[in-house]
Amino acid sequence: MSTGNPTNGNTTEPPPGEPLDFVRTIVRDDIRSGKQGGRVHTRFPPAPTGFLHLGHAKAICVDFGIAEEFGGKCNLRLDDTDPGNEKQEYVDAIQEDIHWLGYDWDDRLFYASDYFDQLYEWAKLLIQKGAAYVDEQDVATMRAQRGTVLEAGTASPFRDRPVEESLAQLERMKRGEFEEGGAVLRAKIDMASPNMHMRDPVMYRIKKIAHNRTGDRWCIYPTYDWAHGQSDAIEGITHSLCSLEFEIHRPLYDWFLEQIGDIHRPRQIEFARLNVTHTVTQKRKLRALVERGHVDGWDDPRMPTLRGMRRRGYTPASIRNFCTRVGLAKFNSLHEIGLLEFSLREDLNVVAQRRMAVLDPIRLVIENWPDGKTDTLDAINNPEDASAGSREVPFGREIYIEREDFLVDAPKKFFRLAPGREVRLRYAYLVTCTGYETDDDGNVTLVRATYDPDSRGGNAPDGRKVKGTIHWVSAEHAVDATVRLYDHLYAVEDPSELESDDAQDGDAWERGLNKDSLQVLTGCKLEPALALAQAEEALQFERKGYFVLDSKDSRPDALVFNRSVALRDSWAKEAAKLGATS
RNA sequence: UACCCCGUGGUGUAAUUGGUAGCACAGCAGAUUCUGGUUCUGCUAGUUCUGGUUCGAGUCCAGGCGGGGUAACCA
């Protein structure tokens, strides 16, 4: 997948043709004009404070994708400047998930903490230049002094303390001689700036917490603003791509680099983060869903985390394709989840092995089939891929069919089984319904039919047309399984709309959850070949959807399958119309 | 309310930089089909508004309207 360009050193060629999004246009123009020596070097900088989700997938595709397309490189950098929330588990998971998505950083795995020493030296440099100072006020005071978006802030009494004093106090901060919150290092910029981030932002704060990588060597840690741009500079990043909310940080990003002076100057470019209907892509909200038990964990198949989607049966290609379809812009957009589902079906359609599985079984007895006789029929594994070959499927006198494929009183357009009607059993025989039985409540318990002995394989001997084909599973050979049907996490299209109104009710968005996002079906009847299903093997249960063996809960003697996505169902639309008009 | 960013069919995203508004998804209609799947064909539908510059404006200018972001020692 790598399109690296080692022979060309640091010269790169823009990709040919095709309209480019605004970021790629900038990158291409920079290459053409020779900026950054024609080099492209990006980075993906996640904080190791949670698992990667669909929103990250977009950023990964942008960061790694652009580097790849232009023959450049992309670093993986763990932005570990907030010890306490960071965990090694996340560091490992992030790497695993990026690899799974299909990207790689070679030997360029970095941590912001790799630069703590350099950052400290630069901090002293800024103090010496009179561009930073140690402030010993408490948080609340500083907050009050910052002013508001409407009013200018006021200067800290420490703002103009002597350079030597700040230098000495910073050293004391580093040695742990202050309590947490006792002092911070601040950039000296402009307390009246209309941009709040320029009102003497904090560069270092004290946290007496051991760091995942640096242990207890430090008790002062750089803030995002002080760490990020400098890390980019150190790594020789050319284009530092991030989301829109950092737009207002850009003046600060540039200011720090300007102050340091003679170092590499990356360019920050912001683009819109990914929003998808019927789900959320914010770490905070996903965490709440897990902690409040609305889902079974970060890898619940309903979660838009990469791990959840993987378990659900999403493929790396489908996610990557979705991300390129979604595009890159500065407009805050909300993408239909249908596009994600389309991307999944598109990929699965060509790779999934077809199998037959009856999810809501009802017995069908073929009255003229000899008792005890078993036939073995040939079934195609994948009509989209001849090389997938075929398999054998056993057939007998009693089979299971889908409850919804039989109707006592069927409308004309219902091309399935009903008294007196003929239907094809996929890859098997043509059968005609001769009757049915019900229980006391009127529920159908059994369907009776006769088969046409000359229709083996499913072809009518006289060429008569049989419009309907239904799937089935031999009762004698059926394998039992639990099947989990997943639907959208949220019933509402845009969960973010729920939280806006009432500030008191910060968790209002949870009320938009889809109560039926998980439906567990037990006693499903599968064809024998499904007993051999492997984790992450793409499967299509014919006429029902794409499924995958659950990688966590399935056992050989208690199979569990997850529905990745349903098939498009034009009959459902038709049926809805019929229902609506009658 | 201040500052910054952004407004193109239902959704999202293009338009050779001032010259025929294209593509994908969704929707609708039809064809094909041993999956009501797939595939194929056709259709519906759009430049936020008002002025200005120009032979010509989605594109440039001014103003309005609308949406988003920003007042953590999170990133």
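- In this structure, of G36(B), U35(B), U70(B), it is G36(B) that holds the atom nearest to the side chain of Asp569(A).
- Applying the Watson-Crick and G-U wobble criteria (two distances, each under 3.5 Å), C3(B) pairs with G69(B).
- For U35(B), the base has a donor-acceptor partner in the side chain of Arg354(A) [N/O atoms by modelled type, under 3.5 angstrom].
- Under 3.5 Å, the side chain of His197(A) and the base of A72(B) form no donor-acceptor pair of N or O atoms.
- Within the shown strands, G64(B) is the pairing partner of U48(B) under the Watson-Crick or G-U definition, both distances less than 3.5 Å.
- Both Val202(A) and Pro194(A) sit near RNA chain B, but only Pro194(A) has its closest nucleotide nearer the 5' end.
- Pairing for C25(B) goes to G10(B), judged as Watson-Crick or G-U wobble with the two contacts each under 3.5 Å.
- Look at the P atom in both C5(B) and A62(B): the space between them is 13 Å, to the nearest Å.
- Cation-pi geometry between Arg77(A) and Phe110(A) is not satisfied (NZ or CZ under 6.0 Å from the ring centre, within 45° of the ring normal).
- Ring geometry for Tyr204(A) versus Tyr120(A): interplanar angle over 60°, hence perpendicular rather than tilted (30 to 60°).
- One cannot find a donor-acceptor pair under 3.5 Å joining the base of G69(B) and the side-chain atoms of Glu270(A).
- Along RNA chain B, the nucleotide nearest Leu425(A) and the nucleotide nearest Tyr224(A) are compared for position; the residue whose nucleotide lies closer to the 5' end is Leu425(A).
- Between Phe116(A) and Tyr221(A), the angle of the ring planes goes over 60°, which puts this pair in the perpendicular group of the 30/60° scheme.
- Glu245(A) contributes no side-chain N or O that forms a donor-acceptor pair with the base of G68(B) under 3.5 Å.
- For Trp472(A) and Tyr400(A), the ring centers sit 6.0 Å or farther from each other.
- Between Arg146(A) and the phosphate of C73(B), there is a side-chain N or O to OP1/OP2 separation shorter than 4.0 Å.
- For C65(B) and A75(B), the C1' atoms lie 34 Å apart once the distance is rounded to whole Å.
- In the set U11(B), U38(B), U70(B), the nucleotide with an atom closest to the side chain of Arg568(A) is U38(B).
- A donor and an acceptor atom sit less than 3.5 Å apart, one in the side chain of Arg416(A) and one in the base of G36(B).
- In A71(B) the O4'-C1'-N dihedral to the base is more than 90° from 0, which defines an anti nucleotide.
- With a 3.5 Å ceiling on both atom-pair distances, the Watson-Crick or G-U wobble partner of G30(B) is C40(B).
- Because its glycosidic torsion is within 90° of 0, U17(B) is reported here as syn.
- Aromatic ring centroids of Phe246(A) and Tyr224(A) lie under 6.0 Å apart.
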